[in-house]
Number of protein chains: 2
Amino acid sequence: MSTHSFTEENYLKLIYALANRGTNEVSTNALAEVTATRAASVTDMLKRLADKELIHYRKYQGVRLTDEGERLALKIIRRHRLWEVFLVDKLGFGWDQVHEMAEELEHIRSDELVERLDTFLDNPQFDPHGDPIPTPAGHMPDAPSQKLADLLPSETACLLGVLDHSAAFLQHLDRSGLTLGCTVNVSEISAFDRSMRVTIPPGQTLFVSYDVARNLLVGPPKP
Amino acid sequence: MSTHSFTEENYLKLIYALANRGTNEVSTNALAEVTATRAASVTDMLKRLADKELIHYRKYQGVRLTDEGERLALKIIRRHRLWEVFLVDKLGFGWDQVHEMAEELEHIRSDELVERLDTFLDNPQFDPHGDPIPTPAGHMPDAPSQKLADLLPSETACLLGVLDHSAAFLQHLDRSGLTLGCTVNVSEISAFDRSMRVTIPPGQTLFVSYDVARNLLVGPPKP
DNA sequence: TCTTTTTTTTAGGCTAATCTAAAAATTTAT
DNA sequence: ATAAATTTTTAGATTAGCCTAAAAAAAAGA
Ligand SMILES: [Mn+2]
Ligand SMILES: [Mn+2]
Ligand SMILES: [Mn+2]
Ligand SMILES: [Mn+2]
């Protein structure tokens with residue numbers, strides 16, 4: 001029965017993520033960067049993943065997931081995001097604290113565990129950071145793509161997710177009073193530094209820097 | 001920061017278990033048996049654990065946990081048993097299904113996770129098999145030691161735990177209608193094969209073989 | 001085009017955790 | 001007490017996953 005190491009599973013997840021942020025072919029150096037290893041180590045691993053037919057690999061040409069590789073990547077991502085929901089909703093962790101734990105929990109090998117967890121959590125569609133949870137069948141739902149920084153003055157939207165997942169950014173949002181699901185109305189945008197003045201319920205006014213606004217994903221306002 | 005591999009943690013747990021079922025010195029062969037590896041591999045690992053001062057090891061003389069080794073073993077056992085409670089009480093798994101998953105979950109590295117889990121589960125004192133859960137401070141509570149097979153006719157007791165943790169045994173109990181916490185009254189013991197006739201509420205009569213009775217732990221009946 | 005720079009791969013090594021086969025120590029039996 | 005049987009350790013390999021240094025290929029630039 002094909003079983004995979006933590007390392008292999010992490011590579012697949014990272015190849016998936018890199019392929020969906022930029023060109024579809026993922027480079028050896030890009031992987032060395034995100035795995036915090038050397039390019040030579042990545043080449044080693046790519047050969048092993050290619051042997052297992054989890055990736056398409058041609059020397060010097062970068063790498064692409066096979067159907068089986070993508071299926072596996074989405075399964076790991078599903079587990080990661082469901083465990084994050086558990087940690088935040090059930091155990092009361094902050095959304096800035098859960099990534100490392102989920103990084104380990106995602107490798108627990110039991111499909112039944114994941115499906116029971118999903119039921120226990122009431123089939124959540126998004127993780128605590130607003131990222132969509134892949135379906136058990138291996139389909140990744142669409143994520144919002146509009147950023148707060150894209151809005152014009154007087155427009156209203158709902159905060160749906162973050163692009164920057166760093167604890168520093170998440171804690172900054174906590175201190176600002178910005179939470180996912182909250183309705184924001186843009187009152188003014190500075191022509192100088194693109195910073196925004198926004199209002200959130202109940203009538204509070206906040207200043208949001210461009211650096212923050214371009215890392216916040218938004219969608220249509222709640223009715 | 002001292003971190004330990006899954007393998008090391010499993011060895012410590014197994015050394016603890018073996019030391020508390022028999023003589024205090026654990027033999028290389030006994031460990032080879034329970035780890036399903038060869039004696040030579042065990043010797044290798046014992047040297048590594050001794051280097052880290054987690055065990056006392058003298059060639060040919062067997063092995064004993066150091067204070068630090070025991071502290072760590074109890075920490076892993078605590079995690080294992082708390083995760084089992086989670087899987088049974090919250091996710092609805094059967095007590096015969098959870099061991100393998102807990103065997104992986106016990107290695108997730110986060111003290112805060114375990115303590116929050118403990119709180120979420122309402123500080124359980126026993127796991128689904130009736131085994132006591134070590135305290136956060138690293139103390140192993142006493143376990144019941146009397147067996148159902150030790151009782152005499154007309155005696156009444158409360159079922160508290162199992163000695164055999166195999167799925168086959170646990171499923172046999174499920175099919176018999178015997179559950180932990182249930183009150184059993186011994187009505188008759190066969191002089192021939194030591195099998196018992198017992199009654200459980202609400203007035204049901206069961207036949208219990210000696211093989212089952214000597215694997216069931218009991219305590220004083222509930223008032 | 002033809003260097004120069006950057007990226008990627010190869011070559012060779014290391015460690016943890018396993019193995020088999022053989023040697024050494026201990027225990028049991030005559 | 002000595003020989004035989006058992007247990008344990010040593011010796012020498014293997015595999016996954018990593019490393020550095022050097023070679024090779026591809027991309028960029030003059
Ligand atoms: Mn991971
Ligand atoms: Mn997330
Ligand atoms: Mn384990
Ligand atoms: Mn248990």
Side-chain angles (χ1 to χ4, degrees), chain A residues 1-15 18-19 21-65 69 72-73 76 103-104 106-107 109, chain B residues 1-15 18-19 22-65 69 72 76 103-104 106-107 109:
Chain A
M1 236 54 64
S2 80
T3 185
H4 314 88
S5 69
F6 284 23
T7 310
E8 287 170 337
E9 293 185 346
N10 286 336
Y11 266 84
L12 293 175
K13 224 181 38 168
L14 292 168
I15 292 167
L18 288 174
R21 305 275 158 253
T23 136
N24 264 33
E25 303 279 297
V26 176
S27 76
T28 301
N29 263 4
L31 277 166
E33 171 92 29
V34 295
T35 55
T37 60
R38 301 308 191 148
S41 308
V42 172
T43 302
D44 262 14
M45 178 58 84
L46 293 183
K47 284 176 182 164
R48 255 174 275 133
L49 292 173
D51 284 349
K52 298 195 178 188
E53 300 186 56
L54 296 169
I55 59 172
H56 296 292
Y57 171 58
R58 289 186 343 280
K59 283 187 193 176
Y60 296 100
Q61 301 306 289
V63 84
R64 222 175 64 247
L65 292 175
L72 234 163
I76 308 300
E103 203 56 51
E104 299 186 29
E106 70 190 359
H107 304 292
R109 278 177 252 287
Chain B
M1 236 55 67
S2 80
T3 185
H4 314 89
S5 68
F6 284 24
T7 311
E8 287 170 337
E9 293 185 346
N10 286 335
Y11 264 84
L12 293 175
K13 224 180 39 166
L14 291 167
I15 292 167
L18 288 173
T23 136
N24 265 33
E25 303 279 297
V26 175
S27 75
T28 301
N29 262 3
L31 279 166
E33 171 91 29
V34 295
T35 54
T37 60
R38 301 307 191 149
S41 308
V42 172
T43 301
D44 265 11
M45 179 57 84
L46 293 183
K47 284 177 183 164
R48 254 175 275 131
L49 293 173
D51 283 349
K52 297 195 178 186
E53 300 187 56
L54 296 169
I55 59 172
H56 296 292
Y57 172 56
R58 293 188 337 281
K59 282 186 192 174
Y60 295 100
Q61 303 304 290
V63 84
R64 224 176 61 248
L65 292 174
L72 235 162
I76 308 301
E103 202 57 50
E104 298 185 30
E106 69 190 359
H107 304 292
R109 279 177 252 288

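Reminder, nothing fancy here: chain letters follow the sequence lines and each chain counts from 1. Side chains are part of it too, since the values below use all heavy atoms of this structure and drop only hydrogens, waters and symmetry mates. Just so it is clear, the structure is predicted and the values come from calculations on it, not from any experiment.
- Within the 4.0 angstrom heavy-atom criterion, base atoms lie near A:T43.
- Between C:dT6 and A:N29, no contact under 4.0 Å exists linking OP1 or OP2 to a side-chain N or O.
- One distance of note links CD of A:E25 with CD1 of A:I15; it measures 11.5 Å at 0.5 Å rounding.
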(message) Checking B:E103 against B:K13 for the salt bridge (charged side-chain N to carboxylate O under 4.0 Å, His left out) test, could you report, in this order, the C-alpha distance in whole Å, the side-chain angles of both residues, the deciding distance, and whether it holds?
(response) CA-CA 11 Å; B:E103 202 57 50; B:K13 224 180 39 166; 2.5 Å; yes
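- Atom-to-atom distance recorded for A:M45:CE and A:L12:CG is 9.0 Å, nearest 0.5 angstrom.
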(request) Indicate for each nucleotide in nucleotides 13-24 of chain D, in 5' to 3' sequence, whether protein heavy atoms under 4.0 Å reach the base (B), only the sugar-phosphate (S), or nothing (-). (result) ---SBBBBB--B
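- Rounded to whole Å, atom P of D:dT9 lies 11 Å from atom CZ of B:R58.
- Between the CD atom of A:Q61 and the P atom of D:dA26 there is a distance of 7 Å, rounded to whole Å.
- In this pair, A:F6 and B:F6 present their aromatic rings perpendicular. The plane angle is above 60°, beyond the 30 to 60° band.
- The closest side-chain heavy-atom distance from B:T35 to B:N10 is not below 4.5 Å.
- For C:dA24, neither phosphate oxygen OP1 nor OP2 lies less than 4.0 angstrom from any side-chain nitrogen or oxygen of B:K59.
- Contact annotation: the side chain of B:L72 approaches that of B:H4 to within less than 4.5 Å [non-hydrogen atoms, C-beta and beyond].
- Taking atom CG on B:L49 and atom C1' on C:dA17, their separation rounds to 12 Å, with Å as the unit.
- In this structure, A:K47 reaches the C:dT10 phosphate: one of its side-chain N or O atoms is under 4.0 Å from OP1 or OP2.
- In this structure, CG of A:L46 is placed 13 Å from C1' of C:dT7, rounded to the nearest angstrom.
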